[in-house]
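All remarks here apply to the structure that follows.
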Amino acid sequence: MKTRNNPVRLAVSYLLLLIIAVVSIYPVLWIFLSSLRPGAALFSERLWPEAFTLSHYGELFNNPSFMYGRWYMNTLKIAFFTMIFSTLMVTLGMYALSRFRFRGRKTILSTMLILGMFPSFMSMIAIYIILLQIKLLDTHTALILVYSSGAVLGGFIVKGFFDTIPRSLDEAARIDGASHLRVFTSIILPLSKPMLTYVALTSFTGAWMDFIFARLVLRTKENWTLAVGMWDLVNRYQDSNFTMFAAGAVLIAIPITLLFIFLQRFLVQGLTSGASKG
């Protein structure tokens with residue numbers, strides 16, 4: 001009976017995968033082709049445009065009132081440093097909470113859990129006032145600090161991953177004379193490549209795509225991020241140049257795609273190395 005059902009189940013599985021692929025790829029293909037379509041409207045009766053043009057991409061960087069290149073570098077800088085600091089803070093903090101026992105540990109975990117239950121929107125006004133008082137308003141440093149600190153509150157997944165690593169590995173290394181830092185760098189980090197990849201990806205994409213907090217903090221046009229600038233493109237211009245918006249969206253997707261392709265190799269290596277060393 002199983003051999004008879006296998007071809008049917010396999011065909012159904014491939015059919016579902018094909019449907020998911022079409023649903024996922026079609027909007028991306030539409031945006032990409034729209035960025036190459038002449039004119040300013042996204043609507044078209046045909047998916048494939050009759051003519052192709054790269055003028056929208058050139059207009060993104062040549063338009064004096066639309067500083068796309070500067071916004072791109074601003075967002076790339078904020079997302080990169082957020083990824084570095086978030087990964088470092090989450091990894092060190094959750095390692096300490098997972099491996100060490102100290103006074104106030106349960107209080108810290110309970111506080112993080114309670115704070116994680118509330119939406120981040122509730123703290124935006126308070127953060128805005130704090131940044132105003134310490135004169136960090138309208139700076140990229142403010143975004144990096146807030147994004148990196150907020151990532152620590154969601155570190156329970158990282159702590160749970162560290163808890164699954166056998167303590168016998170730590171104890172064996174300690175018997176051989178390894179320090180806590182050596183245990184962390186030589187044992188924990190190599191086994192934690194999948195989790196570190198997850199933290200790095202989510203931290204980068206979160207800072208790269210955020211609009212609400214960046215719109216609240218950044219006041220001058222030169223300091224805007226891509227999300228704020230792209231919103232201004234369709235909000236301020238009466239002609240609503242959606243084809244140029246599509247071109248900007250295509251360029252926005254490139255760093256995230258490259259980062260995922262680059263880190264995916266480390267994700268697979270981390271899984272295989274963890275299996276062989278366990």
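Predicted model only: the values in this text are computed from it and were never measured.
Between the Trp208 side chain and the Ile252 main chain, a donor and an acceptor come within less than 3.5 Å of each other. Asn74 contributes a side-chain N or O that, together with a main-chain N or O of Glu222, makes up a donor-acceptor pair within less than 3.5 Å. At distances below 3.5 Å, at least one donor-acceptor pair connects side-chain atoms of Tyr72 with backbone N or O atoms of Leu251. Using a distance-only test at 3.5 Å, with no hydrogens or angles considered, a donor-acceptor pair links the side chain of Thr202 to the main chain of Val199. For the pair Asp138 (side chain) and Thr220 (backbone), a donor-acceptor distance under 3.5 Å is present.
Relative orientation of the Phe162 and Tyr95 rings is perpendicular, given thresholds of 30° and 60° on the angle between their planes.
If you take CH2 on Trp224 and CZ on Arg219, they are separated by 10.0 Å, rounding to the nearest 0.5 Å. From Leu259, atom CG reaches atom CE of Met83 across 5.5 Å, with rounding to the nearest 0.5 Å. Annotation: the span from Met112 atom CE to Lys159 atom NZ amounts to 9.5 Å, rounded to 0.5 Å. Note that the CZ atom of Arg174 and the CZ atom of Arg182 stand 12.5 Å from one another [nearest 0.5 Å]. Taken from OG in Ser86 to CZ in Phe204, the straight-line distance is 12.0 Å, to the nearest 0.5 Å.
Under 3.5 Å, the side chains of Ser203 and Tyr147 contain no donor-acceptor pair of N or O atoms. Thr139 and Thr141 form no side-chain donor-acceptor contact under 3.5 Å, judged by distance and modelled atom types alone.
When the options Val146, Thr225, Leu218 are evaluated for a side-chain contact (heavy atoms from CB on, under 4.5 Å) with Phe213, the one that passes is Val146.
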